[in-house]
Structure formats: structure tokens, C-alpha cells
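Some notes on the structure that comes next.
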Amino acid sequence: MGQIEVIQGDITALDVDAIVNAANSSLAGGGGVDGAIHRAAGSELLKECMLIAQKRSPDSPCPTGDAVITGAGKLPAKYVIHTVGPVWHGGSQGEPELLASCYRKCLLLAEEKGIKSIAFPNISTGVYGYPKDKAAQTAVASVRETLPQSPGIERVVFVCFDGENYSLYKKLILDYN
Ligand code: ADP
């Protein structure tokens with residue numbers, strides 16, 4: 001089964017098959033990691049996103065919990081998988097299930113595309129306000145549950161931007177390994 005790793009850093013620099021973007025439903029780019037990915041990838045990425053958006057529902061090209069895949073423009077990665085995490089509303093509006101769905105759908109899409117290595121940011125833990133400890137637990141649990149269904153994936157990297165997330169993930173992965 002695929003190895004799980006944790007690093008602290010900037011996801012745009014990673015030389016993996018696919019990096020995951022914490023996008024918004026419009027797929028039109030935004031702040032945080034989304035902005036960093038679009039800046040580093042160049043305008044080609046937004047063009048691809050807009051083509052997908054046109055083909056899907058105009059109201060919500062990528063609903064919360066869902067994922068779509070594009071090329072990666074000028075990034076070292078080959079693909080970007082755009083997924084939309086839930087906004088935190090206190091936890092009783094399906095947030096854990098939606099967040100788990102983000103990680104699951106990204107891995108299953110990656111498996112379909114023959115991707116062997118994939119890097120995730122800490123989805124929803126920035127502007128969307130999801131408590132970092134709860135998000136980390138859900139993320140690790142969802143990846144662990146999904147890896148047996150994605151046997152082609154050899155390497156999953158959790159890329160933490162801040163120290164708090166890095167400590168949380170380190171502890172969870174140590175407990176897991
Ligand atoms: P969301 O709207 O899903 O909360 P954000 O982009 O605001 O998305 O934040 C998600 C996570 O991505 C946060 O933990 C934030 O610190 C992190 N982040 C921001 N920039 C980068 C980056 N360049 N590489 C990796 N993670 C990043």
C-alpha cells in the first residue's frame with residue numbers, strides 16, 4: 001500500500017505526479033493555496049479550469065466534496081487536482097463527510113489517471129475555517145481508508161504550510177506507522 005509522508009513547505013514546488021488544489025466551486029482561482037498554485041502554474045491553468053467549468057454546471061462547476069483534474073501549466077507536477085473543501089459551520093452540516101470526500105475523490109481520480117505520487121494541502125483549514133486538529137484527523141483517516149482502493153498510488157504527501165498543521169500531521173502519521 002502507498003506510503004504516507006508529511007512535510008512542511010510550499011506545495012507548488014513539489015515534483016510529484018499531482019498536487020491537489022483547495023479550490024472554490026467556481027474553479028476561477030482565489031486566495032491562499034489556490035492563488036499560489038495559479039500564480040506558479042501560469043494562465044494556462046485558469047484556461048483549463050474555465051473549459052471544465054463551461055462543460056459542467058454553470059452554477060457550481062465543482063460542488064463541495066467533488067474533484068476535477070487538469071494539467072499543471074508551468075508547475076513541476078504533471079497534474080493539478082482541484083477539490084472544494086467545506087466551509088466550517090460548526091461541524092453539524094456534513095463538514096466531516098464532505099472533507100473526507102475531497103481526499104477520497106482526489107485519490108480515486110488520481111488512480112484512474114495512473115498517478116503514482118500525490119501531494120495534498122491542508123484543505124479547508126485556511127479561509128474556510130475548519131479546525132486544524134479535526135481536519136487533520138479526517139484527512140488522514142480518509143486517505144488511509146481509500147488507499148486500498150487505489151493500489152497504483154505509491155506515495156501520498158501531506159504538505160503543511162504552517163507549523164501547527166505540521167505538528168498535528170506528524171503525530172497522526174507516527175501513530176499510524
Ligand atoms: P481553504 O479555503 O480550503 O481553507 P486556503 O488556501 O485558505 O484554503 O488554506 C488551505 C491550507 O493551505 C491552509 O492550511 C494554508 O495555510 C495552506 N497554504 C497556503 N498556501 C500554501 C502553499 N503555497 N502550499 C501549501 N499550503 C498552503
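The analysis underlying the following values was restricted to heavy atoms, covering all of them including side chains, and did not include hydrogens, waters or symmetry mates. All ligand and atom numbering here is 1-based and tracks the order in the structure. We're numbering straight along the sequence, starting at 1.
When each atom of ligand 1 is checked for a heavy atom of G9 under 4.0 Å away, the hits are 24 (N), 25 (C). For ligand 1 and A36, the ligand atoms under 4.0 Å from any heavy atom of the residue are 23 (N). Counting the atoms of ligand 1 from 1 in the order shown, those under 4.0 Å from a heavy atom of D10 are 22 (C), 23 (N), 24 (N). Against a heavy-atom cut-off of under 4.0 Å, N165 is close to the following atoms of ligand 1: 14 (O).
Proximity of I37 to ligand 1, defined as any heavy-atom pair under 4.0 Å, is not found for any part of the residue.
Here the shortest heavy-atom pairing between A53 and S26 reads CB-O, 4.2 Å. When all heavy atoms are compared, the tightest approach of T12 to A36 is CG2-O, 3.6 Å.
The closest side-chain heavy-atom distance from V6 to C160 is below 4.5 Å.
One finds no salt bridge joining K116 and D17 here, because no Lys/Arg side-chain nitrogen approaches an Asp/Glu carboxylate oxygen to under 4.0 Å. Salt bridge annotation for E5-R155: present, with a cationic side-chain nitrogen under 4.0 angstrom from a carboxylate oxygen.
Where the criterion is an N or O separation shorter than 3.5 Å, residue side chain and backbone included, G126 meets it with respect to ligand 1. Of the N or O atoms in F161, none lie within a sub-3.5 Å distance of an N or O in ligand 1. Residue V127 has at least one N or O atom closer than 3.5 Å to an N or O atom of ligand 1. The N/O atoms of I11, backbone and side chain alike, include one that comes under 3.5 Å of an N/O atom in ligand 1.
A distance of 13.0 Å separates CD1 of I81 from NZ of K105, quoted to the nearest 0.5 Å.
For atom 13 (C) of ligand 1, the nearest protein heavy atom (residue, atom name, distance) is T125 OG1, 3.4 Å. Closest to atom 8 (O) of ligand 1, if we only count protein heavy atoms, is A22 CB, 3.9 Å. Among protein heavy atoms, atom 10 (C) of ligand 1 sits closest to N122 O, 3.4 Å.
Scanning T12, V33, D162 for the heavy atom closest to atom 12 (O) of ligand 1 points to V33.
Donor-acceptor pairing under 3.5 Å is lacking for the side chains of S57 and D59.
Under the side-chain hydrogen bond (donor to acceptor under 3.5 Å, both in side chains) test applied with H82, the options T70, D66, D34, N24 reduce to a single match, T70.
Other residues, nucleotides and ligands contribute only 12 or fewer heavy atoms inside 6.0 Å of the NZ atom of K134.
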Report the C-alpha distance between T146 and Y103 in whole Å, list the side-chain angles of each, state the deciding distance to 0.1 Å, and finish with yes or no for side-chain contact (heavy atoms from CB on, under 4.5 Å).
CA-CA 8 Å; T146 311; Y103 287 91; over 6 Å; no
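Put simply, no part of G30 is less than 4.0 Å from ligand 1, judged by heavy atoms. At least one heavy atom of S124 lies less than 4.0 angstrom from ligand 1.
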